[in-house]
Amino acid sequence: MECAAKGLAAEPCAGGVADRRCGGCGAVAYCSRVHQIIHWRVHKEECERFAEQMRHINALSQFPFTFLEPPALNHEFPSARCLFLQSIKLHQKGLWKSECICGRDVAPLKGLSVEAEWNLQSSLCPCAEPKNPVSSALASWEAYYQWRSLPLHSPVAVLLHWPLTLYHCVQLSRTQTPRYDGQDTLCIHYLGPEKELLQLAAFGELRALFPSVQIHIELVGPEVPKSRDGEVVNISRYACCSDKSCCCKSSIGSKDLSCTAVTLKLWKGFYHERCSDILKDSVPQLIFAPNAGVAAYPSWMPTIIQVNPFRQPVAAENNALYVPCYSNCFVFGM
């Protein structure tokens, strides 16, 4: 997290991580007390609102899952996440490789793939079309699991929180503007992807969440490999299960991209730097920045104004939506 006073203070930020958080809200951080004092004239109008948003963070731990029960300690694995994945026999397998410290250095050319599998039985993962379309907005993980006929001991939520958060953001935006209603396309700018880049197949679930909608996502961030900059990834099926006889295997060889519901384009670099090029062909209806704290930092304002020139900076900042249901992020509905 960068210092919230970056760009406002005459003196540069102190080295290291900005770990001095605001005592009022806890949402912004600073590199020093001096920079915190300088930023207060900007932050004081937002502090109370951020504090209210941060109070919702506890909702993130109120999940219905049974797979969250911690396994017994085992010193053979380097982290608790590794141990958890091993306990459910998914350590270093398929889509799960990047979920622990063992899999962070997966070769980029091999890792950015939509061919990875769940490595779970069909009864434990959403590998095919849902039995019924979404009849009403899903408001919780429990509702999603029921709709997808998944047992609560299925661990797929660990990976699906990326697409489910996008889904929830769209639902929140619909309460403010009808722009998405009745539309057959949805354009999203996704800022700062990291391990999501090794879990692209999980975004195939957007096909079920937004039936008959063509979804275009611009993935922008410094973690995108240079060799993949500008690459377009089409997702025309769901991630497969481990059952050899499952119907999900029959669509693997499909080359008909005309029916593709989800298209991802990769952009290497910071959104501030690539924004002008991206906007030439892609005007977003939603800007999604997981864990970025976009509204808290003035360094984002030039980009926000450039993306949405007809909205005043304060209004744009105040339209950030906090999303507690699936992930911690800030979102701008355009």
Participant: Does the side chain of Arg228 reach to within under 4.5 Å of the side chain of Leu197, using non-hydrogen atoms?
Facilitator: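 Arg228 vs Leu197: side chains apart.
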
Participant: For Glu194, enumerate each residue passing the salt bridge (charged side-chain N to carboxylate O under 4.0 Å, His left out) test, keeping only those at least two apart in sequence or located in another chain.
Facilitator: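 Expected list: none.
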
Participant: Check salt bridge (charged side-chain N to carboxylate O under 4.0 Å, His left out) between Lys226 and all other residues, then give those that pass, not counting sequence neighbours.
Facilitator: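 Applying salt bridge (charged side-chain N to carboxylate O under 4.0 Å, His left out) to Lys226 gives none.
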
Participant: Among all residues two or more places apart in sequence or in another chain, which pass the salt bridge (charged side-chain N to carboxylate O under 4.0 Å, His left out) test with Glu218?
Facilitator: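 Scan of Glu218 (salt bridge (charged side-chain N to carboxylate O under 4.0 Å, His left out), adjacent residues dropped) gives none.
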
Participant: Suppose the criterion is ring pair (Phe, Tyr, Trp, His ring centres under 6.0 Å): which pairs have a residue in residues 17-38, not counting sequence neighbours?
Facilitator: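 Every ring pair (Phe, Tyr, Trp, His ring centres under 6.0 Å) pair that includes a residue of residues 17-38, provided the two are not neighbours, is Tyr30-His39.
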
Participant: Going by ring pair (Phe, Tyr, Trp, His ring centres under 6.0 Å), name the residues that satisfy it together with Phe203, two or more places apart in sequence or in a different chain.
Facilitator: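 Per chain and number, Phe203 pairs via ring pair (Phe, Tyr, Trp, His ring centres under 6.0 Å) with Tyr190.
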
Participant: Which residues pass the side-chain hydrogen bond (donor to acceptor under 3.5 Å, both in side chains) test with Ser242, sequence neighbours left out?
Facilitator: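 For Ser242, no residue satisfies side-chain hydrogen bond (donor to acceptor under 3.5 Å, both in side chains) once neighbours in sequence are set aside.
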
Participant: Is there a side-chain contact between Cys82 and His91, using heavy atoms and a 4.5 Å cut-off?
Facilitator: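 Result yes, sub-4.5 Å side-chain heavy-atom pair found.
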
Participant: With sequence neighbours excluded, tell me which residues meet side-chain contact (heavy atoms from CB on, under 4.5 Å) with Ala208.
Facilitator: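 So Ala208 forms a side-chain contact (heavy atoms from CB on, under 4.5 Å) with Pro130, Trp147, Arg148, Glu205, Tyr238.
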
Participant: Looking at SG of Cys187 and NZ of Lys265, how far apart are the two atoms once the value is rounded to the nearest 0.5 Å?
Facilitator: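 Going from the SG atom of Cys187 to the NZ atom of Lys265 covers 11.0 Å.
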
Participant: Below 4.5 Å, heavy atoms only, C-beta onward: do Leu159 and Glu99 meet side chain to side chain?
Facilitator: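 A side-chain contact exists here, since the closest heavy-atom pair is under 4.5 Å.
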
Participant: Who are the side-chain contact (heavy atoms from CB on, under 4.5 Å) partners of Ser122, not counting sequence neighbours?
Facilitator: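 Ser122 satisfies side-chain contact (heavy atoms from CB on, under 4.5 Å) with Cys127, Cys241, Asp243, Cys246 once adjacent residues are dropped.
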
Participant: List for me each residue that meets salt bridge (charged side-chain N to carboxylate O under 4.0 Å, His left out) alongside Arg20, sequence neighbours excluded, and say none if there are none.
Facilitator: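 By the salt bridge (charged side-chain N to carboxylate O under 4.0 Å, His left out) rule, Arg20 matches no residue at all.
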
Participant: Is the closest side-chain donor-acceptor distance between Thr185 and His216 under 3.5 Å?
Facilitator: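 Judged by distance alone, the side chains do not pair up.
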
Participant: So Leu219 and Leu200, do their side chains get closer than 4.5 Å, heavy atoms only?
Facilitator: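 When only atoms from C-beta onward are counted, Leu219 and Leu200 do touch, with a gap below 4.5 Å.
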
